[in-house]
Amino acid sequence: MNFSEVFKQTNQLCKVSPDGKYLATCVQYRLVVRDVSTLQILQLYTCLDQVSHMEWSSDSLFILCAMYNRGLVQVWSLEQPDWHCKIDEGSIGLVSSRWSPDGRHILNTTEFHLRVTVWSLCTKAVSYIKYPKACQKGIDFSRDGRYMALAERRDCKDYVCVFVCDDWHLLRHFETETQDLAGLEWSPNGCVLAVWDSCLEYKVLLYSLDGRLLSTYSAYEWSLGVKSVSWSPSSQFLAIGSYDEKVRILNHITWKKITQFEHPAIIDNTKATVYKEAEKRPGVGSDEMPLHNITMGATLFNTQSKYEICPLPVQIPVVKPDPDRASPKIGISVLAFSSDSRYLATKNDNMATAVWVWDMQKMSLEAVLEQTSAVRCFQWDPLRPRLALCAGNTKLYLWSPGGCVSVQVPTEGGFQVQSLNWHCSGDSLILLGKEQLCLCYMDTDQEDNCSPDKNM
């Protein structure tokens with residue numbers, strides 16, 4: 001495993017192009033495009049203000065930079081550096097900007113969600129969509145890029161609009177059976193649209209492309225409900241994370257619950273493996289401390305760690321949520337399926353140091369990773385059943401069916417990993433700190449066979 005040098009970035013705006021060839025980063029008001037393989041700077045663009053949001057077009061030819069405080073969007077071309085586009089929303093403001101799947105239209109959402117403006121880069125035509133709802137996830141495109149679903153709120157009722165992305169004509173418009181729609185998401189095969197209600201009412205609705213209600217699911221009443229929703233890549237499972245610290249799995253044939261995964265404070269499941277991070281701090285002058293650590297003052301007191309397999313039962317640390325605060329830190333906030341739909345990783349907010357990995361074939365708990373710090377981010381390798389996670393410290397953690405590994409990020413200045421993203425090839429990771437980034441290059445053969453007691 002190798003690491004690159006450290007580069008600057010702002011607001012964690014760092015993204016690899018969809019074709020995997022380029023790395024774009026924002027540093028204040030500058031946009032820097034590098035070659036992923038050499039990390040040499042290919043293009044340097046200057047925006048009109050500090051960038052709030054940055055996004056590649058689907059064909060990797062254009063980059064969108066949004067400056068929300070100025071109501072501006074600038075678009076840059078990789079093939080023609082002298083060409084650029086500026087979109088000014090004016091006094092109506094801007095709170096969100098994104099590409100359409102064809103990479104030739106930009107969707108801007110104005111302040112107070114008064115409307116969504118669709119701008120065409122090819123024809124300069126402008127279309128307006130009224131009454132978009134301000135919610136957790138109000139716009140979603142089908143995986144094939146043909147359709148867009150939009151949550152709408154008018155006359156105190158929730159609706160869903162389905163648009164055809166080719167010419168933006170309205171295909172379907174139907175009312176949903178929700179009190180306060182919180183989000184919607186297409187299944188990966190584009191056949192079913194999942195719609196869920198706010199946390200005040202547990203309700204998940206499943207609609208067909210033509211607006212027919214296929215099924216309604218509600219696990220309980222009179223308590224905080226849905227917190228997260230995720231489709232498996234195969235479209236066979238819909239995972240629903242709830243405030244009651246459980247994940248419920250619906251099947252794609254009957255849309256009924258086939259199992260539920262609980263997150264108990266005491267793990268006594270004999271089929272599961274619990275990996276606990278064990279730290280050891282090297283002492284000055286000890287044989288364990290390499291010479292280069294003595295000369296690098298910033299890493300002098302870095303703590304090394306490795307995973308240990310814990311005998312069952314195991315007590316997972318639980319933080320009691322504050323009942324007087326909004327959005328209590330309890331329940332399943334993150335759900336992530338592996339690319340082959342074999343595994344599901346979950347995080348229960350009141351057990352912030354633990355990541356749970358479930359086997360979807362056996363419908364059982366496979367592993368629990370207990371960290372010494374709260375888990376900040378985790379993400380699956382896009383090609384292999386391999387999970388990377390970070391905990392706001394100087395380490396990178398990896399899990400695969402073969403075991404776990406803890407890796408010290410060997411950078412000066414105490415680089416703390418706040419977030420991470422896989423390259424689309426699965427051969428490297430982009431590690432993001434508060435104001436820096438570095439790349440981690442994987443030794444695929446080595447990491448596919450990582451052992452539980454391995455420490456790097």
Side-chain angles (χ1 to χ4, degrees), residues 18 58 98-102 107 133 135-152 158-166 170-178 181-198 202-219 225-242 247-261 332-346 358-361 363 379-380 382-383 385 424:
S58 56
R98 63 184 296 173
W99 286 104
S100 67
D102 67 357
L107 284 75
K133 182 167 187 181
C135 59
Q136 176 186 346
K137 188 174 182 181
I139 296 179
D140 194 39
F141 293 98
S142 59
R143 189 69 58 89
D144 60 10
R146 295 177 62 188
Y147 304 108
M148 180 186 79
L150 174 87
E152 181 186 281
D158 291 326
Y159 297 87
V160 167
C161 304
V162 179
F163 293 89
V164 178
C165 294
D166 285 344
L170 182 64
L171 180 68
R172 287 288 184 271
H173 180 264
F174 53 91
E175 185 179 347
T176 60
E177 297 179 13
T178 51
L181 189 153
L184 45 79
E185 185 175 334
W186 289 103
S187 60
N189 62 13
C191 296
V192 179
L193 181 68
V195 175
W196 57 95
D197 220 322
S198 74
Y202 195 120
K203 185 182 284 188
V204 177
L205 306 156
L206 296 148
Y207 291 94
S208 64
L209 183 59
D210 59 2
R212 286 180 297 114
L213 179 60
L214 300 175
S215 184
T216 302
Y217 179 74
S218 178
V226 177
K227 190 164 190 177
S228 55
V229 175
S230 179
W231 288 96
S232 68
S234 64
S235 301
Q236 291 178 302
F237 304 116
L238 181 65
I240 306 168
S242 314
V247 177
R248 292 166 176 86
I249 307 295
L250 308 187
N251 74 84
H252 72 297
I253 299 174
T254 64
W255 302 114
K256 303 296 183 185
K257 184 185 78 172
I258 53 175
T259 190
Q260 70 180 24
F261 298 143
I332 313 302
S333 63
V334 187
L335 299 164
F337 281 95
S338 60
S339 59
D340 59 0
S341 300
R342 173 70 189 268
Y343 299 102
L344 172 67
T346 62
W358 308 85
D359 188 321
M360 296 303 295
Q361 285 188 3
M363 291 291 173
Q379 194 176 93
W380 287 99
L383 299 180
C424 56

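Just so you know, residue 1 is the first one in the sequence shown, and it goes up from there.
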Treating [X] as the side-chain partner and [Y] as the backbone partner, does any N or O pair qualify as donor plus acceptor under 3.5 Å?
X: Arg248; Y: Ile240; answer: no
X: Ser198; Y: Ala182; answer: no
X: Ser230; Y: Ala336; answer: no
X: Lys203; Y: Glu177; answer: yes
X: Asp158; Y: Leu181; answer: yes
X: Trp255; Y: Tyr217; answer: no
X: Ser232; Y: Ser341; answer: no
X: Ser187; Y: Val192; answer: yes

Heavy-atom closest pair, residues [X] and [Y]:
X: Pro233; Y: Pro188; value: O-CB, 3.5 Å
X: Ser100; Y: Phe141; value: CA-CZ, 4.1 Å
X: Ile332; Y: Gly241; value: CB-CA, 3.7 Å
X: Met360; Y: Met363; value: O-CE, 3.4 Å
X: Ser333; Y: Lys227; value: CB-CE, 4.0 Å
X: Trp231; Y: Phe337; value: O-CD1, 3.4 Å

Whether over 12 other heavy atoms sit under 6.0 Å from Arg342 CZ
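Check passes, neighbour count above 12.
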
Once the angle between the rings of Tyr159 and His173 is folded into 0 to 90°, is it parallel (under 30°), tilted (30 to 60°) or perpendicular (over 60°)?
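Aromatic pair Tyr159/His173 classed parallel.
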
Heavy atoms, side chains only, cut-off 4.5 Å: are [X] and [Y] in contact?
X: Arg212; Y: Phe174; result: no
X: Tyr207; Y: Val160; result: no
X: Val247; Y: Trp358; result: no
X: Cys165; Y: Asp102; result: no

Spacing of [atom1] belonging to [X] relative to [atom2] belonging to [Y], to within rounding of 0.5 Å:
X: Phe237; Y: His252; atom1: CZ; atom2: NE2; result: 8.5 Å
X: Leu206; Y: Leu213; atom1: CG; atom2: CG; result: 8.0 Å
X: Phe261; Y: Ile249; atom1: CZ; atom2: CD1; result: 5.0 Å
X: Leu150; Y: Lys133; atom1: CG; atom2: NZ; result: 11.5 Å
X: Leu205; Y: Leu184; atom1: CG; atom2: CG; result: 11.0 Å
X: Thr259; Y: Asn251; atom1: OG1; atom2: CG; result: 11.5 Å

side-chain contact (heavy atoms from CB on, under 4.5 Å) between Asp197 and Val226: does it pass, once the steps are laid out?
CA-CA 7 Å; Asp197 220 322; Val226 177; over 6 Å; no

Derivation and outcome, side-chain hydrogen bond (donor to acceptor under 3.5 Å, both in side chains), residues Ser58 and Trp99:
CA-CA 8 Å; Ser58 56; Trp99 286 104; over 6 Å; no

Stepwise side-chain contact (heavy atoms from CB on, under 4.5 Å) test for Leu107 and Met148:
CA-CA 11 Å; Leu107 284 75; Met148 180 186 79; 3.4 Å; yes

Stepwise, does the side-chain contact (heavy atoms from CB on, under 4.5 Å) test hold for Leu171 with Phe163?
CA-CA 5 Å; Leu171 180 68; Phe163 293 89; over 6 Å; no

